[in-house]
Protein chains: 2
Amino acid sequence: MRRIKMCLAYDGTNYAGWQVQAGQGRVETVQGTVEKALALITKEEGIRVVGAGRTDAGVHARGQVIHFDTQSRIPINRFPAALNSVLPPDIRFYEAEEVSGDFHAQYWAKEKTYRYTLDRSPVPDVFLRNYACHVPYELDVATMKEAAQYLIGTHDFRSFCAAGSSVKTFVRTIKEIHLSETGSLIYVNITADGFLYNMIRIIVGTLLEIGRGKMPPGYITKLIAARDRSLAGPTAPAKGLCLENVVY
Amino acid sequence: MRRIKMCLAYDGTNYAGWQVQAGQGRVETVQGTVEKALALITKEEGIRVVGAGRTDAGVHARGQVIHFDTQSRIPINRFPAALNSVLPPDIRFYEAEEVSGDFHAQYWAKEKTYRYTLDRSPVPDVFLRNYACHVPYELDVATMKEAAQYLIGTHDFRSFCAAGSSVKTFVRTIKEIHLSETGSLIYVNITADGFLYNMIRIIVGTLLEIGRGKMPPGYITKLIAARDRSLAGPTAPAKGLCLENVVY
């Protein structure tokens with residue numbers, strides 16, 4: 001048995017998220033589509049892939065990482081092209097590596113970087129309609145940048161976690177958060193050792209409230225202390241989010 | 001009667017081109033979709049719109065310009081939002097202006113700029129799969145830039161016109177052609193007083209042949225003189241092309 005680690009990009013627009021859900025028989029997920037492609041190229045049944053990040057419906061990836069086990073003898077460097085030849089064009093593998101049997105795409109991830117894209121054009125950019133959140137209103141980006149700095153570090157991020165989430169701990173470490181402007185776009189890049197459910201989308205929703213002047217930048221500190229989701233901003237739309245990179 | 005000039009952007013992926021074709025009853029075109037939207041907001045029947053560039057199926061626009069006549073009293077600055085409210089999200093108007101009754105979006109156009117995007121990534125960028133032509137092979141961009149310079153000026157471009165085209169003259173003036181590289185992408189920007197049918201896609205297809213070393217850059221000069229489509233390169237795919245700007 002070989003354990004294979006692979007990197008892929010996907011446009012999440014037409015998928016019900018990464019993860020195969022019990023009972024969602026007919027809904028296409030990225031994981032399900034990849035597993036079907038693996039079955040086709042390896043002629044093996046029941047290969048299960050584990051992804052580093054379980055992206056939601058509509059969320060994209062440029063740097064998702066997976067692992068799976070197979071008995072196939074396909075040479076390792078042939079895996080990306082073999083999978084791409086049977087996958088739809090909105091999923092593309094670009095790297096494969098044979099790893100030790102204890103490697104785990106999710107548990108071994110030391111840090112992940114996501115990017116959230118905001119489109120400030122007066123009229124939404126048609127080419128970004130599935131890849132950015134349109135924010136036609138005035139935003140004080142300097143204030144948003146200041147607020148973002150208060151998120152850096154190791155905190156209990158319960159206020160930034162979708163209600164009803166069952167995890168052992170809400171403590172995560174945000175290593176970097178960087179807002180940059182390019183033309184009409186604002187990119188919010190966030191690197192952390194891990195993320196709670198909807199954490200980035202709630203962070204972005206809160207930064208937008210601050211950028212509109214509804215809360216001062218220092219509100220972030222109070223919000224972290226409060227551990228109360230209801231005090232944070234709304235969850236920003238999925239389509240602006242993209243998993244950029246995973247570090248092991 | 002008012003004559004209105006408007007600017008729009010569209011993602012051409014899901015349309016059978018700009019122009020309403022006789023007998024193509026059920027196929028959605030951008031023109032047809034815009035005319036339906038105009039009928040909805042003006043409650044007027046039979047408004048016909050004229051576009052500056054009749055883009056092919058799969059070709060995109062950031063700066064298409066149209067004109068139409070209407071008796072509607074909708075204030076001019078309300079037109080973009082009114083149309084956007086009834087249009088699908090892959091068509092977006094962003095400018096409207098009342099013009100004199102003799103203005104003509106196509107005939108009055110002094111120059112148009114198109115951009116063609118080439119994706120040189122080893123694996124196609126999933127986010128550009130509908131907006132770029134994937135060219136995974138080696139390209140000598142310096143040679144392509146040299147070849148492009150021979151196209152500038154007033155020439156008979158019959159060699160770069162799809163066969164069977166019926167036009168009065170094949171003479172056009174290319175004012176500027178500029179190749180630029182950004183990451184894995186090459187942009188080919190071309191400005192001319194007008195374009196023949198498939199002209200840019202044949203130019204790009206020929207530049208690719210030159211970039212791969214199949215012909216020397218000076219071949220362009222011979223090709224222009226030959227006035228023979230069969231001697232030029234293949235027609236590059238529609239999806240890489242975008243109408244950027246029209247100057248009046």
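In what follows, every chain begins at residue 1, and chains take the letters A, B, ... in the order their sequences are listed. Values reported hereafter were calculated over all heavy atoms of this structure, with side chains retained and with hydrogens, waters and symmetry mates removed.
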**OP:** Hey, could you give me the CZ/CD distance between A:F79 and A:E98, rounded to the nearest 0.5 Å?
**Re:** 8.0 Å
Original post:
Relative to chain B, which segment of A:Y131 carries a heavy atom at a distance below 4.5 Å: side chain, backbone, both, or neither?
Top reply: side chain
Original post:
Do other residues, nucleotides or ligands put more than 12 heavy atoms under 6.0 Å from B:R2 CZ?
Top reply: yes
**OP:** Examine whether an atom of A:P89 lies under 4.5 Å from a heavy atom of chain B, and if so say whether it belongs to the side chain, the backbone or both; otherwise answer neither.
**Re:** both
**OP:** Check A:I47, A:I41, A:L38 against A:T70 for a side-chain contact (heavy atoms from CB on, under 4.5 Å) and give me the one that passes.
**Re:** A:I47
Original post:
Using non-hydrogen atoms only, which part of A:R92 is less than 4.5 Å away from chain B: side chain, backbone, both, or neither?
Top reply: both
Original post:
So B:Y10 and B:T33, side-chain hydrogen bond (donor to acceptor under 3.5 Å, both in side chains) or not? Walk me through it.
Top reply: CA-CA 11 Å; B:Y10 50 83; B:T33 307; over 6 Å; no
Original post:
Minimum heavy-atom separation for A:H134 to A:V123, with atom names?
Top reply: NE2-C, 3.7 Å
Original post:
Which members of residues 179-194 of chain B, sorted by number, sit under 4.5 angstrom from chain A on a heavy-atom basis?
Top reply: none
Original post:
Taking A:R201 as the fixed residue, which of A:T235, A:D56, A:T206 is the one that meets the side chain to side chain donor-acceptor pair (under 3.5 Å) rule?
Top reply: A:D56
**OP:** Kindly say whether the aromatic ring centers of A:F103 and A:W108 come within a distance under 6.0 Å.
**Re:** yes
Original post:
Out of A:D90, A:D125, A:N130, A:T13, which one racks up the most heavy-atom pairs below 4.5 Å with chain B?
Top reply: A:D90
Original post:
Do other residues, nucleotides or ligands put more than 12 heavy atoms under 6.0 Å from B:R129 CZ?
Top reply: yes
